[in-house]
Number of protein chains: 2
Amino acid sequence: MKNKRTNGLVNIKSVAQHAGVSISTVSRVMNNTQSVIEELRTRVKNAIEKLGYHPNQVARSLRTGSTKLIGFIIPDITNPAFLLMVKGAEDFLKRKGYAFIVCGMDHSTREETKLLRALLSQSVEGLIVTCSGGQNSDFTQIAESSSIRMVFMDRRYENMNIPYVGVDNADGLQKITDYLIKNGHRSFVYLSGERNTSSAKERLRGFIKSVKEHGIEDFQVMYGKFTFESGYELTRKLKKIPDAIVGGLE
Amino acid sequence: MKNKRTNGLVNIKSVAQHAGVSISTVSRVMNNTQSVIEELRTRVKNAIEKLGYHPNQVARSLRTGSTKLIGFIIPDITNPAFLLMVKGAEDFLKRKGYAFIVCGMDHSTREETKLLRALLSQSVEGLIVTCSGGQNSDFTQIAESSSIRMVFMDRRYENMNIPYVGVDNADGLQKITDYLIKNGHRSFVYLSGERNTSSAKERLRGFIKSVKEHGIEDFQVMYGKFTFESGYELTRKLKKIPDAIVGGLE
DNA sequence: CTGAAAGCGCTTACAG
DNA sequence: CTGAAAGCGCTTACAG
């Protein structure tokens with residue numbers, strides 16, 4: 001009943017023998033893919049139950065090409081902001097029978113490329129990516145030549161023709177800044193996250209648009225990272241206190 | 001060059017044809033598992049490079065029984081405390097060529113069992129588990145009959161003969177409480193996390209041991225969850241303010 | 001409705 | 001050193 005190669009899982013053959021049917025029949029009962037007469041069906045079900053059989057998903061994947069595996073690539077696995085987005089997807093896809101490979105690449109473009117390769121080797125069926133920076137030509141090339149299904153989340157590589165899900169960063173920051181100006185603030189400091197990420201660029205664009213439209217000239221842009229610590233450090237460097245500080249951080 | 005079943009990945013056969021060798025030779029070059037004469041070796045390497053070949057990990061897994069996949073089961077994927085532990089393991093195992101399936105079970109025992117089943121089906125080679133509560137008989141039974149390699153992290157099921165990595169909760173809380181008593185505090189409120197988890201029990205034990213040893217009788221234990229919010233709510237319920245509040249939370 | 005057979009893409013004894 | 005063949009555990013045409 002135990003087998004080293006398969007983590008001790010019983011295989012379809014042993015179920016078939018135990019039930020006195022062919023493996024085809026066992027497969028049909030499991031997947032409900034063709035009708036099987038009641039008699040055999042119950043024998044198979046009993047055997048499955050008795051042996052504690054669970055189908056080997058690796059073999060199934062190889063055969064069907066469907067791994068039921070989705071890969072996530074995010075900048076930092078310990079940042080709750082990213083994990084909340086992952087959880088949203090997880091709650092939905094778990095019900096569809098998918099499992100997840102979540103990988104952090106520590107904001108590293110090289111690591112990002114390595115992860116893409118690793119996840120492709122694992123034959124993930126789809127990939128959700130919050131990318132590391134402004135561009136990554138290796139990543140782009142590999143992804144495009146692989147025909148993997150993929151979607152960007154929160155940040156994207158703009159030169160790639162890949163679907164993207166994210167908030168309207170530019171509009172959000174513009175509205176925030178409009179609001180501050182409407183309330184009488186006239187001098188600004190803007191704190192930006194990693195300057196080459198799409199989200200940082202879009203947010204800055206919204207801020208700039210607002211101050212320009214209102215003819216504000218007293219503003220300064222500071223670049224840091226998408227962390228609380230970075231916001232703290234940047235503000236400590238301030239020479240003079242502005243009317244308002246706008247944070248385009250995470 | 002593209003193939004629907006394999007996400008567009010080139011297979012070993014096409015590499016072999018392109019290089020004019022057998023697939024055995026391609027495999028040997030890739031895995032460096034047997035010597036191959038220079039001439040063939042370079043032809044294979046060129047073919048691999050040119051076609052952008054990456055071996056299908058699913059097929060390799062089925063053959064070798066080694067999926068290079070480690071599963072994590074943690075109570076909540078959005079809680080940084082758990083993710084920091086995951087990251088520690090990740091940093092190490094990534095260098096060994098392993099990928100990760102991280103799953104949150106929302107503190108649900110039923111979900112925990114489902115995840116175990118799913119991860120076994122995916123043929124993970126090992127499992128790292130921070131468990132949901134004090135016991136889960138389905139979980140125990142499935143795990144034990146599967147011979148999966150497994151280790152508990154931070155919390156464990158005490159009735160299982162499985163390795164466990166965690167801090168010495170009892171000793172820690174005892175020292176904290178000793179310290180407070182030494183500094184003159186005489187009345188205590190103890191805030192506990194989910195009362196049936198091993199970590200909550202151990203911590204409470206350390207606290208109790210300390211107060212008993214010092215003959216302190218003015219203490220009260222309150223049960224909540226391992227969250228900041230829970231700590232807040234519990235303290236709001238306090239009728240009178242003690243000398244010290246001891247938090248056995250995360 | 002059922003079973004025997006082919007095949008998914010690899011690795012690895014086996015024979016030469 | 002190399003290739004042809006078996007086999008990992010499934011699914012799915014194919015024949016009956």
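Both backbone and side-chain heavy atoms feed into the values below; hydrogens, waters and symmetry mates do not. Below, read A as the first sequence line, B as the second, and so on, with proteins coming before strands; counting in each chain starts at 1.
The listed nucleotides are D:dC8, D:dT2, C:dC10; the one nearest the side chain of B:N11 is C:dC10.
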ask   = For nucleotides 11-16 of chain C, read 5' to 3', which letter fits each nucleotide if B means a protein heavy atom sits under 4.0 Å from the base, S means only the sugar-phosphate is that close, and - means neither?
value = BBB---
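With rounding to whole Å, B:Q17 atom CD is found 13 Å from C:dC10 atom P. Atoms CG (A:N56) and P (C:dC10) sit 17 Å apart, rounded to a whole Å. Residue B:K13 contributes atom NZ, which lies 12 Å from atom P of D:dA4 at whole-angstrom precision. One can place CG of A:L62 at 9 Å from C1' of C:dG7, the figure rounded to the nearest angstrom. The interatomic distance linking B:H54 (NE2) with C:dC10 (P) rounds to 12 Å, in whole Å. B:E38 has its CD atom 11 Å from the P atom of D:dT2, to the nearest Å.
When the nearest nucleotides of DNA chain D are assigned to B:A59 and B:V36 by heavy-atom distance, the more 5′-ward of the two goes with B:V36.
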Output a table of donor-acceptor pairs, distance under 3.5 Å, between side-chain atoms of residues 158-166 of chain A and any protein atom two or more places apart or on a different chain; print 'none' if there are none.
| from | atom 1 | to | atom 2 | distance (Å) |
| --- | --- | --- | --- | --- |
| A:Y164 | OH | A:D154 | O | 3.4 |

Kindly list each side-chain donor-acceptor pair under 3.5 angstrom involving residues 103-110 of chain A, sequence neighbours excluded, with atom names and distances?
| from | atom 1 | to | atom 2 | distance (Å) |
| --- | --- | --- | --- | --- |
| A:D106 | OD1 | B:K87 | NZ | 2.8 |
| A:D106 | OD2 | B:K87 | NZ | 3.4 |
| A:S108 | OG | A:R110 | N | 3.4 |
| A:S108 | OG | A:E111 | N | 3.0 |
| A:T109 | OG1 | A:S132 | OG | 3.3 |

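Residue pairs meeting the ring-ring contact (aromatic ring centres under 6.0 Å, His included) criterion with at least one partner in residues 111-131 of chain A, sequence neighbours excluded, do not occur; the list is empty.
For DNA chain D, if you chain together Watson-Crick or G-U pairs that step i with j, i+1 with j-1 and so on, the runs of at least three with distances under 3.5 Å are C:1-3 with D:14-16, C:5-12 with D:5-12, C:14-16 with D:1-3.
Among the candidates A:D168, A:N169, A:V167, the single residue satisfying the side chain to side chain contact (heavy atoms under 4.5 Å, CB included) test with A:D171 is A:D168.
Qualifying side-chain contact (heavy atoms from CB on, under 4.5 Å) partners for B:T33, counting only residues two or more places apart in sequence or in other chains: B:R28, B:N31. With sequence neighbours left out, the side-chain hydrogen bond (donor to acceptor under 3.5 Å, both in side chains) criterion links B:R156 to B:E202. Looking at residues two or more places apart in sequence or on another chain, you find no side-chain hydrogen bond (donor to acceptor under 3.5 Å, both in side chains) involving B:S230. Taking B:D138 as the reference, nothing meets the side-chain hydrogen bond (donor to acceptor under 3.5 Å, both in side chains) condition, with sequence neighbours excluded.
For A:R43 and A:E39, the salt-bridge test passes: some basic side-chain N is under 4.0 Å from an acidic carboxylate O.
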